[in-house]
Each structure stands twice: as C-alpha cells, then as structure tokens.
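To start, the structure itself, in structure tokens.
Starting from 1, each residue takes its place in the sequence as its number. Keep in mind that this is a model prediction, so the values were computed, not measured.
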Amino acid sequence: MSGFKNFLLRGNLIELAVAFIMATAFAAVVTATVALIMDLIGKAGGTPDFSTYAPGGVSVGAWLTALISFVIMAAIVYFFIVMPYTKAKERYFPTEEEGTPADVAVLEEIRDLLRARNGQV
C-alpha cells in the first residue's frame, strides 16, 4: 500500500487531474463559441455547414467546414488563453535580468567572503 500512496502523493498527479478537468470544461466553452461563430458565418453566407459544397464534383465541403472551425478555434485559444496567460506571466513573474542569477550571486559572495577570511586572494 505504501507504493500506491507514494504514487498518489508524488509528483503533480492532483495538478494534472485538475488541469484535465478544467480543460474538458473549457473545451465545451470553446466548442460552443466556434458553433456560435459558425452560425454567424451562416447568417452572412447562407449556411454554417459547407459539407454539401462540391465544386466540380469534388467534395471539399467537409474539409472546408473543418478548416474554418480549426481557424476559429485556434484564434479563440490564442486570443483568450495564450495572450492573457503570457501577459499575466510577464506581469506577475517577470524574467530575470541578464547576468548572474540571484542564487549564484549569493554563492559567489559567500565564496569571496570565505576566501577573504582565510587570507586567500
């Protein structure tokens, strides 16, 4: 049983489970938004589903519908997830300045103090 307990408590299993649940819920929101935008395209162009479109006898309608849905979904993910996440990450977790990281600088300072105390240059 201790192996099972370690499996459950080790790593990011809980965070992964929460992320999966949130992603599933968010997928429903994105899918509904894509359907809404496809309906708006349908109002403007006459139909939100191009699956019956076959110019010259070649069935490209289903592919065209999937392509438009993909572009809309990618735009939604980029503008409503990636951009706000990137801005929040830059605001709350700024990148460190170029040069020596803070932990390395502290270690170098300790090294220099020990050298000075021991009379080394």
Under the rule for side-chain contact (heavy atoms from CB on, under 4.5 Å), what residues qualify as partners of [X], not counting sequence neighbours?
X	result
Thr24	Phe20
Ser59	Ala54
Pro55	Tyr53, Val60
Leu36	none

Mind checking the [atom1]-[atom2] spacing from [X] to [Y]? Nearest 0.5 Å is all I need.
X	Y	atom1	atom2	result
Arg117	Asp112	CZ	CG	13.5 Å
Arg115	Leu113	CZ	CG	11.5 Å
Lys43	Asp39	NZ	CG	7.5 Å
Met73	Ile68	CE	CD1	13.0 Å
Ile76	Thr33	CD1	OG1	4.5 Å

field: Trace of the side chain to side chain contact (heavy atoms under 4.5 Å, CB included) decision for Arg111 with Leu107
entry: CA-CA 6 Å; Arg111 179 198 63 200; Leu107 291 172; over 6 Å; no
query: Would the number of heavy atoms belonging to other residues, nucleotides or ligands and lying under 6.0 Å from CZ of Arg91 be above 12?
result: no
task: Can you establish whether the number of heavy atoms outside Phe26 located under 6.0 Å from its atom CZ is more than 12?
output: yes
Co-members of Tyr85 in a cluster of I, L, V, M, F, W and Y side chains, linked at under 4.5 Å: none
statement: Connected to Tyr92, directly or through other members, by ILVMFWY side-chain contacts below 4.5 Å are Phe93
